[in-house]
2 protein chains.
Amino acid sequence: MNSRPRNSLKLISEKFGVSPTTVSRVLSGQAQKYRISPETEKAIKDFAAKENFTPNPIAKGLRLKKTHTIGLIIPDIANPFFAGIASQVVNVARTHGYSIVLCDSEENPALEKQSIELLWARQVDGMILCPVGQTPDYLERYAREQRPLVLVDRVFPGLGLPYVSADNFTGAKNATAHLLDNGHRRIACLQGMVGTAPSEARVGGYTAALKERGVPFDPRLVVGDSFGEQSGYLDTKLLIRATPDITAIFAMSNLLALGALRALREENRSVPGDISVIAFDDQPYLAHLSPPLTTVAQPHLEMGAAAVKLLLDEMRAPSSATKSGLYLPTSLVIRQSVRKLD
Amino acid sequence: MNSRPRNSLKLISEKFGVSPTTVSRVLSGQAQKYRISPETEKAIKDFAAKENFTPNPIAKGLRLKKTHTIGLIIPDIANPFFAGIASQVVNVARTHGYSIVLCDSEENPALEKQSIELLWARQVDGMILCPVGQTPDYLERYAREQRPLVLVDRVFPGLGLPYVSADNFTGAKNATAHLLDNGHRRIACLQGMVGTAPSEARVGGYTAALKERGVPFDPRLVVGDSFGEQSGYLDTKLLIRATPDITAIFAMSNLLALGALRALREENRSVPGDISVIAFDDQPYLAHLSPPLTTVAQPHLEMGAAAVKLLLDEMRAPSSATKSGLYLPTSLVIRQSVRKLD
DNA sequence: TTGAAAGCGCTAACAC
DNA sequence: GTGTTAGCGCTTTCAA
């Protein structure tokens, strides 16, 4: 009873006194093309529907060298930012007939590399990678080998791989401008992992806004080296000791903002009374924080969807020369964590 | 250049003047067993390592009828609760040599069913399902067919399928007791989707605590029918109109609590000044809300890990008669959203 | 100690 | 209109 003898083309073909080929043709919608008799076609189709039979994709995969499978590597699926991306990737992929094999690199480059190899070995047709953001040496090879691979978020332009990212530069620039508009001049910047594209772009936007308004750039105000809560907490603590004249903090991630809030609370600085805060990346709960946090919203869902579409293109036209990068616009969500100075 | 001729046992065997069989044996660690000459063994192993060759798992899957793949179906991967479970599932599965194929049922029973069929068709060796919580008719069949399938969170005991869940009953009972200990008597209960095991168990725990202390149960105080933020918001609004004497709200999910907070804010009720709130399921941001929310923490990670272990057992011993359910203990995380009444 | 052959379930080229 | 054959890459008898 444990060995349900799974149906197969062969079994079905015997049942109807035809060849497996015929069954295959019917089931792949080629009955018309091969002018298979309508009766046979109907009989087979009905049977398949009734038994809810689908040709074994493993066998198909072996034969066709296509698994209809996409690998997805995420640094931390428990992080809502990545979870949001993943949700769209899964859904869009499904509507195109692809399944997702999910790996979690745990923010670990070695595990990331291992996961990539695993997925290629598993014969995925393509791959979407949110790199942890460091030493992309091995990625270069995949670019050269023309593998269908698209990068998301912590992208590496110039690698020759297509990518999708939020327009971090403009997002950060607008957020900084918003602070400036509200009279802030001493604005600290809690940056993320140094050397990653998002962090660099955000700091770039911050600097650009400052420059545009003629506000002097103070390097002591740019601190931090990770996107995590810990880092936000610690660096904020240090910051308010080292440069007590700051009136605003631009935290370049969600978690960083949470950490900053915790530090500020401990140090009895009110937000936005004493210090204004802007976060990066919107999440539902930010509206429920005290105070509701102003933030730069990233188009998660669009990012995930775009990644799949780019990948599908890539898979269709393997050697397209134009590896286009895509920057999706952010939007400033204004809540109540920025105070107007006069 | 696009067609890298992937290595194969055959290719390698030709290279070394042996048969594919031999290569297969070496690469599957059976050299010893078949007393293959140490030189051949080493040569082959070295080559495989250098070329980073692994026998094609698709072919292997076809031959062995094992894909080393586990299906995971989640109602909403963007929900941090499920993302937490998924993260452990992925990681534990990986350490056991299994990959995860992820599906998102979007809280939709039809899509859930479709995903299950898809995954079985894709020949997954087993499946972990977080059901959306309704009409499990088709699940019964899988139980009968002895398929390796484990349920998580919104479980259906009595279906004959192994499952993992938090001990929702005790968790809710303790939380209610905590409220009672703090002098609350009129405690409203924002329940989740009616008919789901977690919701029923939580309401059960709530009732049990009331009963144990001799506090009369008022059915008007138990409201709601979904786990979402909307529902928490609306039902809280209605609640404070219908039963203005309540002093506490027990929200049986995270999102429900967020909705309640929003409603309370709009209605100018302070938390915990006017109304105390307890949530269900801990998430990092709850500590940063205003006020930091007291909540019943679920052992997400353990739940994910346990699900995989249960599944692996199930896959090893296909017809084990003892389909054990597993209830993992919750813990009450006390923060500042409960006021002591006197 | 090693290899030849069969077959997992499927599709595509080439018959007829 | 339909079937025969071969082969995707692997493992596993069975034979030597």
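Convention: sequence-line order gives letters A, B, ...; per-chain numbering from 1. Values reported hereafter were calculated over all heavy atoms of this structure, with side chains retained and with hydrogens, waters and symmetry mates removed.
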Query raised in the report: Taking 4.0 angstrom as the limit, do B/Glu117 and B/Lys113 come out as a salt bridge?
Result: no
Query - Whole-Å gap separating P (C/dG9) and CG (A/Leu64) - result: 17 Å
Name each donor-acceptor pair under 3.5 Å that joins a side chain in residues 20-28 of chain A to protein atoms two or more places apart or in another chain, with its distance.
| residue | atom | partner | partner atom | Å |
| --- | --- | --- | --- | --- |
| A/Thr22 | OG1 | A/Ser19 | OG | 3.4 |
| A/Ser28 | OG | A/Ser24 | O | 2.8 |
| A/Ser28 | OG | A/Arg25 | O | 3.3 |

Query - Whether A/Phe81 and A/His300 hold their rings parallel, tilted or perpendicular, with breakpoints at 30° and 60° - result: tilted
Report summary line: Between NZ of A/Lys66 and P of C/dG9 the distance, given in whole Å, is 23 Å
**Report entry** Protein-nucleotide distance (A/Leu62, atom CG; C/dC10, atom C1'), rounded to Å
**Finding:** 8 Å
Requested in this report: Identify, residue by residue, the members of residues 17-48 of chain A with a heavy atom below 4.0 Å from DNA chain C, and return them in order of residue number, or none.
Outcome: A/Thr21, A/Ser24, A/Arg25
Query - Between C/dC8 (P) and B/Leu9 (CG): distance, integer Å - result: 19 Å
Query raised in the report: Among the nucleotides C/dC10, D/dG9, D/dC10, which one has an atom lying closest to any side-chain atom of A/Pro55?
Result: C/dC10
**Report entry** Pairs flagged by salt bridge (charged side-chain N to carboxylate O under 4.0 Å, His left out) wherever residues 81-110 of chain A is involved - sequence neighbours left out
**Finding:** A/Arg94-B/Glu106, A/Glu106-B/Arg94, A/Glu107-A/Arg154
Requested in this report: Using atom NZ of B/Lys10 as one end and atom P of C/dA5 as the other, report the distance to the nearest whole Å.
Outcome: 14 Å
Requested in this report: Report the distance from atom NZ of B/Lys60 to atom P of D/dC8, rounded to the nearest whole Å.
Outcome: 19 Å
Report task. Provide, to the nearest angstrom, the distance between the CZ atom belonging to B/Phe16 and the P atom belonging to C/dT2. Result -> 14 Å
Requested in this report: Report the nucleotide, chosen from C/dC10, D/dC8, D/dC10, that has the shortest atom-to-atom distance to any side-chain atom of A/Lys65.
Outcome: D/dC8
Query raised in the report: Less than 4.0 Å between a side-chain N and a carboxylate O, is that true for B/Glu145 and B/Arg141?
Result: yes
Query raised in the report: If you measure from the Lys or Arg side-chain nitrogens to the Asp or Glu carboxylate oxygens, is any gap between A/Glu140 and A/Arg144 under 4.0 Å?
Result: no
